Amino acid sequence: MQSKDTNRAQSTMGNIFSNLDWRNYIVYIAFIGIIIYFAVTIGDQGFLTVNNLLNIARQTAMIALMALAMTFVISSGEIDLSVGSVTALASLTGALAIQAGYGVIGGLAAGLGTGVIIGLVNGLLVTRLAIPSFLVTLASMEAVRGMAMWITDTAPVTIVNPTFNYIFGAGDIGPIPILLVWLLVFVVFAHILYRKTPFGRQVLATGGNENAAKFSGVNTKKIKLLVFIGTGFMAGLAGLLYAGRMNAGRFSFGEGDELSVIAAVILGGTSLFGGTGTIIGTLVGALMMGTINNGLIIMGLDVSQQMIISGIIIVLAVAFGKKQKKA
Amino acid sequence: MQSKDTNRAQSTMGNIFSNLDWRNYIVYIAFIGIIIYFAVTIGDQGFLTVNNLLNIARQTAMIALMALAMTFVISSGEIDLSVGSVTALASLTGALAIQAGYGVIGGLAAGLGTGVIIGLVNGLLVTRLAIPSFLVTLASMEAVRGMAMWITDTAPVTIVNPTFNYIFGAGDIGPIPILLVWLLVFVVFAHILYRKTPFGRQVLATGGNENAAKFSGVNTKKIKLLVFIGTGFMAGLAGLLYAGRMNAGRFSFGEGDELSVIAAVILGGTSLFGGTGTIIGTLVGALMMGTINNGLIIMGLDVSQQMIISGIIIVLAVAFGKKQKKA
Amino acid sequence: MSELVLEMCNISKSFNSVNVLNNVGFQLKKGEIHALMGGNGAGKSTLMKILTGVYSADSGEILIEGKKAEINNYNEAIDHKISMIFQEFSLVPTLTVAQNIFLNREDKTKLGLINDKECIKKTAKLLQELGVDISPVSIVQDLGVGFWQMTEIAKSLSQEAKILIMDEPTSSLTEKETDVLFDFMERLKNKGISIIYISHRMEEIFKICDRITVLRDGENIITEDCENTDLDTVISHIVGGEVASFEWKERDYSLEAPPLLQVKNLNVSNQLENIEFYIQPGEVLGVAGLMGSGRTELVRALFGIDHKDSGDIYINGEKKLINNQQDAIKANMALLPEDRRVQGLVLQHSVKDNMVLPIIDRVKKGLLVNEKIANNISNEYVDRLNIKTDNIYKQISLLSGGNQQKVVLAKWLATEPDILLLDEPTIGVDIGAKTEIIEIIRLMANSGKAILVISSELNELLAVSDKIMVMHKGKISKTINRKDIASEEEIQYAIQGY
Amino acid sequence: GGEADEGTNQENGETDDKGKVSEISGPLTVNPDIPDMEVLDIGPNGEEAGSIKDLELSEEELKEIKDGNYTAAIVMHYSGTDYMKAAVNAMETTFEQMGIEVIAVTDANFSAETQVNNIESVLAKDPDIMVSVPVDAEATASAYRRAVDQGVKLVFMDGAANGLEAGKDYISIVTGDNYGNGVVAAELMAEQIGEEGKIGMLYHDVNFFVTRNRAEAFEETILEKYPNIEIVAKEGFTDENTGEAVGSAILTRDGDIDGIFAPWDVPAEGVMSAVRTAGKADQVVITTVDLGTNAAISIAADGPIKGLGAQLPYDQGVAQSMLGGYAVLDKEAPPYLVSPAIKVTKENVLESWELIYGEEAPQTVQDAMAQ
Ligand SMILES: Nc1ncnc2c1ncn2[C@@H]1O[C@H](COP(=O)(O)OP(=O)(O)OP(=O)(O)O)[C@@H](O)[C@H]1O
Ligand SMILES: Nc1ncnc2c1ncn2[C@@H]1O[C@H](COP(=O)(O)OP(=O)(O)OP(=O)(O)O)[C@@H](O)[C@H]1O
Ligand SMILES: [Mg+2]
Ligand SMILES: [Mg+2]
C-alpha cells in the first residue's frame, strides 16, 4: 500500500508485463552480475564446474521450495515464520515412519502430513481467531522446534532406506540431481498456480486489498488457510529432502531458514505488504543467496568475512539493480 | 493495512481511547493471567520472591529497551532485523574502548556510536535507495554479526572497569537493579515521545499512510531515518548492558533477539503494518515473554518442553484476551 | 412497471448507541432508477450496506421480490443478484484494470486456467463503450481517481445484477463520462434492471432518475416521483431548510498587484506541456478540463511531488525551487489532493489526529503536542464545516464519505497557507456544505491569498472562480475571465476541446 | 606454503596467534611439555586412545609433503569459542609450516545442513586434506562419504561421521578427553565445597557427543565418589547465551546451593553473572570445562569460577594438521588420539594458559592474577 502513489507519475508500460514493476528485474540483473563476478575471480578454483553449479542448485533447493510457497503467503499479506521448524519435525516423523517399516510412502505421508497439519493449525489460528500471523507462526516456530527436540530427545533418526534417500535428495537422474528435478517441477507448478489460476489471482487480491477481494466474492479466509497449508506442505517436503540428503532426520534442520526463505521472496521482488510478486523472482532470489554463500566459501574467506561480504553484496546488488533501471 | 477495515463494524469506544483498538488490551490481561498461573503453580518454588521478579525485569530489560525503539520503527511501517547483531558489535566496541583506557565515557560513546552509525546506514539505505527495510536490515544483521566476529576474531573482550559494570548491568540502587532504572527511564521517555510529541505523531502518520503524511508536510524520509537511528542507539545501549552484566563483550550476544524484540512489539498490540501501537503494550509484551521463560525454567521443564509450552501459551494468551473482550 | 423488486421495512441501525437509521423504509420498482438522497451522514451508505450484507440491521426486514431475504454477507447479496459500487472503492490497487473487473469470474481456458487475453479483450471493449481511454493492463494504483472510478463502474456494469446500487459513482467524473454512464444506465433500465443511485450532484438526479427518496438524520423524509417535484424542493428536504444556490459574485481584488504565484514554461514529460499562468493575491483561479487532461498533474508538479522537466515558479516575484513537498510547504503552499483515501487521510487515525497532522509542529507547547489546542482547532473546524461525527476522537474511516472529505478540506484550511491548491475539494460533499465551502474559499481569497481550484462540477467552478483556465491534453487551451463567460455551455465547449 | 620454511625448532610455542610462521627444521611434533596423564575417554567405537605426543613427522617426510604442494580445508561445526579458535589457529599455522595451503575454513554454526553445503562447496576446490568436526555424526555422513569418494584425506576432530572406517576412510580422530574433563570439573567442585553440600548442573540439552560426555562424567563422578554431595538441580539449555537465565532460575528455586557446573565456559559465564546478581559470588562455586578468557580471569581473581578442566586445543590442532601429513604420505597413524584433560586452578592458571594456547595469557588475566 505504501507505494501506491510513488510511481503514479511513471508511465505504465501498457503491455501485459505492466504489472511487474522494476523491482522484479533487479534480482535477475544482480544474479547475473554476481555469477559473472565469481566466474571471473574464482572460475579457475572450481566455481564454474558443472558439479559446483549443481551443488548450488542442490544447496538452494530446500530454501527455494519453501520460498515458492512463501511467495503465496506473503502475497496474501501474511507471513509464516514456522517453516524452518517444520522441516525439522517433518524430517523426524518421516524418518521414524521409515524406521518403523512403513517404507517410502509411509515416510512421505508422515513428513508431508506433519507439514500440512501444522500449516492447517497456523491457518486456522490466523483466520478463525484473527491473531496476527507473525505471532501465530512465531509461536509455532518455537513450539514445533520444541516438538522436534522432544520427539527423539534430540537424537537424529537414521534412514537406511536407499530408495528414499535416492528420491529425496541424494539421487541423480543422469547428470541431474533429483533435488533439481523436484525444484523445477514445483517452480513450474507454482508459477502456473500463481499467474494463471483463479486461486493465484485470489491470493493476490487478498493481499492487495482484503476488503475489495471480499466484495468480489473471494473467500479470503479460505485463501489464507490454503496458503498456510501450502507453506506447511512445502516445509514438510523440504524436511524430507533434508532427511534424504543427509540420510537422517534431525531436530536442528532448517534453523534460521525462515529468514532465508523470506529474504529470497523479498529479493525476488514480492512486496512484504502483499498484492504483488513473482515466482521466478523468488527462485532467482534463492539461487542468488545460495550462489553468494558458495562463492564466498570457494574464495576461502573466513566466516566473519563471508558474513560481512554477503551482507554487503545483497544490498549492493539491489541498489545496483535499481540504478540500472533508472538509467 | 489488511486490517484497515476488518473491525469497521465493531463499535469503537467513543472516547479518548478510541484509536487504541482492542488488541492493545489483550497483552495486559494475558500478562496478569500468566503471573497468576505461575504464582499458583510455582509460587512456592521461588517464583514470587522479589528477587525472582527483579530477575525477570533484569532479563527482560535489553529486549524491552530494544522493543521500545522497535515500536517506532514498526509504527512507521518498517522493520529492523539488525538489532541483535548490533548489541554484539556494540558490546565489543564498548569493551575495547574501555580496555584501551577510555573509561566509562569512552565505552559508552563507542557502544552507542556503533549503534547510531549502523542505524544511520540502515536508515539511509532504506530512505535514499528505497530498498525494503526487511532486506536492508537482514543484510546488515549478517554483516554486523560478521564484523563482531571479525573485530576480535571471536574472542570475548573482558571489561574490568567496576564502575562500568555497576552502571551497565550488575549494579543496584538500593533494592532496585540499575537495569530496571534504565528501563523505566526509557519507557517514560519513549511513551512521551510516542504519544505526546509531534515526532511520535509523524511516525504514526508515516506508517498509517505514507502518502497522506507526505502531502501533510511530514518529511517521511527524515522520520524513517530517525527511527532507524533510534533502534541503532537502543541496540547499542542494550549491547553495553549485556556487556556490563556479563563483564565482557562477546560476538554472540543478542543472537535471535530481533525476533523476540519484534514479538514483544506485536504482542503489545502494535500493528506490523504500521500506524498504530503503544509503548506500554510493548513493555508488557516483553515482560510477558520474559516471565514465561523464567516460569518454565523454574518449573524444571526440559528445553524442548519449555519451547512447546511457551509457544502454546503465547497463542492461548492472545486468543484468550481476544475472547474476554468480545464478551 | 410497478412490480416491487425490493422492499426494506423499518430498518434501524445504531453504532455504539448513536442512532444512524431510524425505522427507515425503502422501495424499489423493477426497471426504475431510484435516487437516494440526503446530506452527508444521513445514512444512505449505511442503508445500502445493510442491503448488501456488509452491516446487519438492528431491526427491520428486507423483502426481495416479495420474499423475505436474509443477507448476512456480500456473497449472499451477490446470490440475490444485488451488486454495488461502493463509495470507498473496492478495487485491488495492485492488480490491473482487467484483473479487477473480472476478479473471481475470469474467463477460463480449456485447462481451467485464467484466460487473460479474453479478459483483456472484453475489458478493452467495455472501456471503449464507456469512452474511457485507459489500457486494460494498467495497474489500478497507478491511475488517477477518475479512472479508478470508471474501473469500478465498468466492473459493476459487467456483472449480471438485478439490483444495481451506485453510491456516488460520478463524484470524480466530468460531464463527458457522466453522460456515457447515463446512457448505459438507461439501457440497463430498459432491460428491467433496477438501479439505486446516490449522488450529491443535483442536476444529475433530474436527468436520469424516476423517483427520489430523501433521508435526513437517519429518517425517511419523502419518496416522490421526479416529475412531481423540483430541485429546490428536494434541496430543502435534504437540508431541512433553505439554502442559497450557487451564484457567482464578482469580487473586488487588485488586478494590478504583482502575481502571488506565477508559473513559467512548466513541462512534465508526457503530461504537461508549456504551462504558463499566474494568480494574483485575492484571486481564485478555476481549472477545468476533461478527465486526464492534466489538471491533477499540474498541481502535483507545482507541489513538488512529480518531477518537472523544466519550469520556473515565482512566488511574490521571487523564483523558488520546489523539488519536494517540504519545499512547497516552506513556500507556504498547501495542496488538497484529489484522492482522500490514498493521499488525504490516515484512515486508522482519529478525526483530530488527521486534522492537526499538517500543523502538528504548531500545536505544541514546549516540546509536546498541546492536546487542548489540538482539540480546539479540531472542534472549531468540525463546527465550521458541520462535520458529522460522534466526537473528534472517532476513527476517520467510520465517518461518512462526505464527512471524510470535509475533514480533508479542514485539514488544509487549518494550515492557513498563502497559496492554496484545491483538487476537487467538494467530492462527495452535500449540497448544503458545498455552498458553505464556496463561501469559505471566497473568504480566504478576500484575505489576500491565491487559490487554485480544480473541479469537475462546472456550476461549482463557475460560482467560485474569478478566472477559468481550461486544460486539454496537458496544455492550457484557454483562459477566460469569469466576467466574460455568459453560459455553462460556453465553457463546456472549451473543455471538450473545440 | 613457503619453500624457505627451514629452521631449527620443533615447538609450536613460537608462533604467535596471528599465525606468523617461525622457521622450523628437524622433525615436527606436538608440544613435548604436555603432561602424560591417564586418558579416560574411549573412542565412539570403543577404540583405545593413543596420545598425540606419539606423532612425529621427520624432516624428509616434511620435505616430501612440501614438494607435494598439497591443499587443505578446515570444516568446522562452530568456531566461536576460544577453544575452537585456538584449534583453527594451530591448524592454519602448522599447515603453513608443512607447506600445505589452507584453501578454506568454514563454520556451520551447529547446523548439519550448512555443514553439508560447506563440504560440497569446499569439495569443488578439490582439497587434498580435510580436517573437520562433524555437527552430527549421522546427518553429515553422506557428505563425508562423498569427500572420501573424491579422494580427499579426512582427519576428524572430536568425533567421526558414522559409517566411516578409521584407517580406510579417514585417518584418525583427535579429541580432547571430554570424559576426563567432566571428571576434573567434578573433582574440583568437590574440593571447593568440602566434599559435601548441594549442587546444580547445567547440561547441553542436545544430542552432541562432546558436550553430553562432559555432563555425564560430571554427574557420574559426583554420584560415585562423593555421596555427601547432592545434585538438586539439573537444567538443560540449548542456546549458550541463556546460561544466565537458567542459572538464575536454579538460584531462585534452590537458594542454598553450594555449586553449579556448566559444560563449557560460555554458559558458565552466564551462571557467573547470575550468581553475582543474586549476591552469592562468595557462596556458590562454579566449575566448568574449557579455559576461556573470562573464565581464566574469574579463576585468577577468586571469582565464582574456581577451576575447570581444559583440553589442549592448540596441540590438538597441531596434531590434526600433522595427521593430514600422515594421510598424504600414507603413513600409518593410531585411529583415536586423545589429548589429556588439564586441571586448571588459581595455582596454575597462567602456566596452563601457555600450555593450552601456546602463548602467554592475555594481559587482563595476568592483571587479575596480580591483584
Ligand atoms: N462502522 C461505523 N461505526 C460508527 N459510525 C458509523 C459507522 N458507519 C457509519 N457510521 C456513521 O453513520 C452515519 C451515516 O453514515 P453513512 O455513511 O451512511 O452516511 P451517508 O449518508 O452515506 O453520507 P455521505 O453522503 O457523506 O456518504 C455517519 O454519521 C457515520 O459516521
Ligand atoms: N490512457 C491512459 N492509460 C493509463 N494511464 C493514464 C492514461 N491517461 C491518463 N493516465 C494516468 O491517469 C492519471 C490522470 O488521471 P486523472 O483523472 O487524475 O487526470 P487529471 O488530468 O488530473 O484529470 P482529473 O483531475 O480531471 O481527473 C495520470 O496518472 C495519468 O498518468
Ligand atoms: Mg455515503
Ligand atoms: Mg484529477
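Residue numbers start from 1 in every chain, and the chains themselves are labelled A, B, ... in the order their sequence lines are given, proteins ahead of strands. This is a predicted model, so every value here is computed, not measured.
- Residues in residues 81-90 of chain B take part in no salt bridge (charged side-chain N to carboxylate O under 4.0 Å, His left out) pair, two or more places apart or across chains.
- Taking Ile314(B), Leu81(B), Leu138(B) one by one and counting their heavy-atom pairs under 4.5 Å with chain A, the maximum is reached by Leu138(B).
- Atom CH2 in Trp150(A) sits 12.5 Å away from atom CG in Leu301(B) (nearest 0.5 Å).
- Residues Ile308(B) and Gly146(A) share a closest heavy-atom pair of CG1-C, 3.6 Å.
- Your options are Ile313(A), Leu259(A), Ile312(A), and the one with the most heavy-atom pairs under 4.5 Å with chain B is Leu259(A).
- How far OG of Ser260(B) is from CD of Glu142(A): 8.0 Å, rounded to the nearest 0.5 Å.
- Listed by chain and residue number, Ser252(A), Asp136(D) satisfy the side-chain hydrogen bond (donor to acceptor under 3.5 Å, both in side chains) test with Arg250(A) (two or more places apart in sequence, or in another chain).
- Considering CD1 of Ile131(B) and CD1 of Ile266(A), their distance stands at 13.0 Å, rounded to 0.5 Å.
- For the set Ile262(A), Val136(A), Val303(A), the count of heavy-atom pairs under 4.5 angstrom toward chain B peaks at Ile262(A).
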Note to self: Evaluate Ser304(A) against Met147(B) for side chain to side chain contact (heavy atoms under 4.5 Å, CB included), listing each step before the verdict.
What the structure shows: CA-CA 6 Å; Ser304(A) 58; Met147(B) 286 178 216; over 6 Å; no
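- Val315(B) places none of its side-chain heavy atoms less than 4.5 Å from the side chain of Leu135(A).
- Contact record, Gly311(B) with Ala139(A): O-CB, 3.3 Å, taken as the closest heavy-atom pair.
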